[in-house]
Undergrad: 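I am attaching a structure below and will ask some questions about it afterwards.
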There are 2 protein chains.
Amino acid sequence: MGNTESNQNVKSYLQNSGIRPTKIRLSIAGLLFDGTDKHVTVDNVIEMARLSKIKTSVASVYNTLNQFAAAGLLRRVTVEQGKAFFDTNLSEHHHFFYEDEDRLEDIPMGAIQVEGLPDLPAGRSIKAIEVTVRI
Amino acid sequence: MGNTESNQNVKSYLQNSGIRPTKIRLSIAGLLFDGTDKHVTVDNVIEMARLSKIKTSVASVYNTLNQFAAAGLLRRVTVEQGKAFFDTNLSEHHHFFYEDEDRLEDIPMGAIQVEGLPDLPAGRSIKAIEVTVRI
DNA sequence: CAATAAATTAGAATAATTCTTAAATACATC
DNA sequence: GATGTATTTAAGAATTATTCTAATTTATTG
Ligand SMILES: [Mn+2]
Ligand SMILES: [Mn+2]
Ligand SMILES: [Zn+2]
Ligand SMILES: [Zn+2]
């Protein structure tokens, strides 16, 4: 991270999703898309940016994460009322939620299988199936 | 609903859960525990109370629903960032979430089966397994 | 290098929820 | 049933996450 090659990768990654690679988008993308799976909140990203001396604003972090989610680069995960999580792991998978730590952890893809889905109401299709195991 | 017998039932229901059956608790319980399964928000309950000429306050609806949930008379269901749902159906079951209508619907108990749960981290136990099918 | 479009930002606005505190109600004891 | 004490209720303030607004800055196009 921080080197020219990965910056170039992140730039292409945004462009391929139709997102213009502006400075703060590249900065935030650089924090998030480093190859490791993450579940971040807006506050997490603001703090990561601060530590990396990236000068930005709360509004821009919201804008950017929402744009990434809309473009399919992040997946929004809702497990508690207050705060939204954004997941960099785009593969089909489910989550442990550590209730006392407010923290998500991936359950590897394929580990969990959901069986016996009933018929859907007419005109509906499945947008997503989310399994949360609260521990 | 509204008759002496079901009022008595609701009163016992609260007492058996260690909740003192005060006037507004009985009123709200009367709205919720009528034998039909419901998924309500705070706003729903405020509106139901208004229609039933029950005089109460926003704070009391929050207090009461939170108390009922803590006592196990309601189950809190979180499927979207902003608003909490409270479920009167206490049996083990999962949900369809109608994304465009902000509405929950029960998937009958037993219809869905979750297979292949991996081992839990040491010292953890399952508090709940929640499956949400977004449609 | 203009002209134009898009992005960024600070701060205001909104929405759900919790907190504070005073008044009302419920409960226990006589 | 009256009285004293504990609990509940409720109005409004406070808090928190998020979105909106509008002005400035940055990027793209010609
Ligand atoms: Mn939290
Ligand atoms: Mn909603
Ligand atoms: Zn994940
Ligand atoms: Zn339900």
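Every chain is numbered from 1, with letters handed out A, B, ... down the list of sequences. Below, each value reflects all heavy atoms present in this structure, side chains not excepted, and no hydrogens, waters or symmetry copies.
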Undergrad: Flag the pair B:F68 / B:F33 as yes when their ring centroid distance falls below 6.0 Å, and as no otherwise.
TA: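 Between B:F33 and B:F68, which both carry aromatic rings, the centre distance is below 6.0 Å.
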
Undergrad: Are the side chains of A:E80 and A:F97 in contact, using a 4.5 Å heavy-atom criterion?
TA: yes

Undergrad: Are B:R20 and D:dA6 close enough that a side-chain N or O sits under 4.0 Å from OP1 or OP2?
TA: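 False: B:R20 side-chain N/O out of range (4.0 Å or more) of D:dA6 OP1/OP2.
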
Undergrad: Can you tell me if B:T22 touches the phosphate of D:dT9, counting only side-chain N or O atoms and a distance under 4.0 Å to OP1 or OP2?
TA: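 Yes, such a contact exists.
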
Undergrad: With side chains defined as the heavy atoms from C-beta onward, is the minimum distance between B:P118 and A:F96 less than 4.5 Å?
TA: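 The answer is yes; the side chains approach within 4.5 Å.
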
Undergrad: Taking the side chain as everything from C-beta on, heavy atoms only, tell me whether B:L73 gets closer than 4.5 Å to B:Y13.
TA: yes

Undergrad: Going 5' to 3' on DNA chain C, which nucleotide is the first and which the last to come under 4.0 Å of a heavy atom in chain B?
TA: C:dA16 to C:dC27

Undergrad: Taking for each residue the nucleotide of DNA chain C bearing the nearest heavy atom, is the 5' side occupied by B:K23 or by A:Q67?
TA: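 Result of the comparison: A:Q67.
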
Undergrad: What I'd like to find out is whether the side chain of A:I135 reaches to under 4.5 Å of the side chain of A:E99, using heavy atoms alone.
TA: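 No; the side chains remain at least 4.5 Å from each other.
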
Undergrad: In the structure I gave you, are the side-chain heavy atoms of B:H94 and B:M109 within less than 4.5 Å of one another anywhere?
TA: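 Heavy-atom side-chain distance check fails, nothing below 4.5 Å.
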
Undergrad: Out of B:H39, B:R76, B:R75, which one pairs with B:D87 under the side-chain hydrogen bond (donor to acceptor under 3.5 Å, both in side chains) rule?
TA: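 The option that passes is B:H39.
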
Undergrad: Does some side-chain heavy atom of B:I129 sit less than 4.5 Å from a side-chain heavy atom of B:L117?
TA: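 Side-chain contact under 4.5 Å: yes.
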
Undergrad: Anything under 3.5 Å between a protein N or O and an N or O of nucleotides 14-24 of chain D, put it in a table, one pair a line.
TA:
{"unit_1": "D:dA17", "atom_1": "OP1", "unit_2": "A:K83", "atom_2": "NZ", "d": "3.2"}
{"unit_1": "D:dA17", "atom_1": "O3'", "unit_2": "A:G82", "atom_2": "O", "d": "3.0"}
{"unit_1": "D:dT18", "atom_1": "OP1", "unit_2": "A:A84", "atom_2": "N", "d": "2.9"}
{"unit_1": "D:dT18", "atom_1": "OP2", "unit_2": "A:Y62", "atom_2": "OH", "d": "2.9"}
{"unit_1": "D:dT18", "atom_1": "O5'", "unit_2": "A:Y62", "atom_2": "OH", "d": "3.4"}
{"unit_1": "D:dT19", "atom_1": "OP2", "unit_2": "A:N66", "atom_2": "ND2", "d": "3.1"}

Undergrad: Per the end-axis method with five pairs at each terminus, what is the bend angle of the helix from C:dC1-D:dG30 to C:dC30-D:dG1, to 10°?
TA: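 Nearest ten degrees gives 30° for this helix.
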
Undergrad: Is there a side-chain contact between B:S57 and the phosphate of D:dT9, meaning an N or O under 4.0 Å from OP1 or OP2?
TA: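 Answer no for this pair, as no side-chain N or O of B:S57 is under 4.0 Å from OP1 or OP2.
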
Undergrad: If we check side chain to side chain contact (heavy atoms under 4.5 Å, CB included) with A:H95, which of these qualifies: A:N89, A:V131, A:D106, A:V133?
TA: A:D106

Undergrad: So is A:R103 actually on top of A:Y98's ring, under 6.0 Å and inside 45° of the axis?
TA: yes

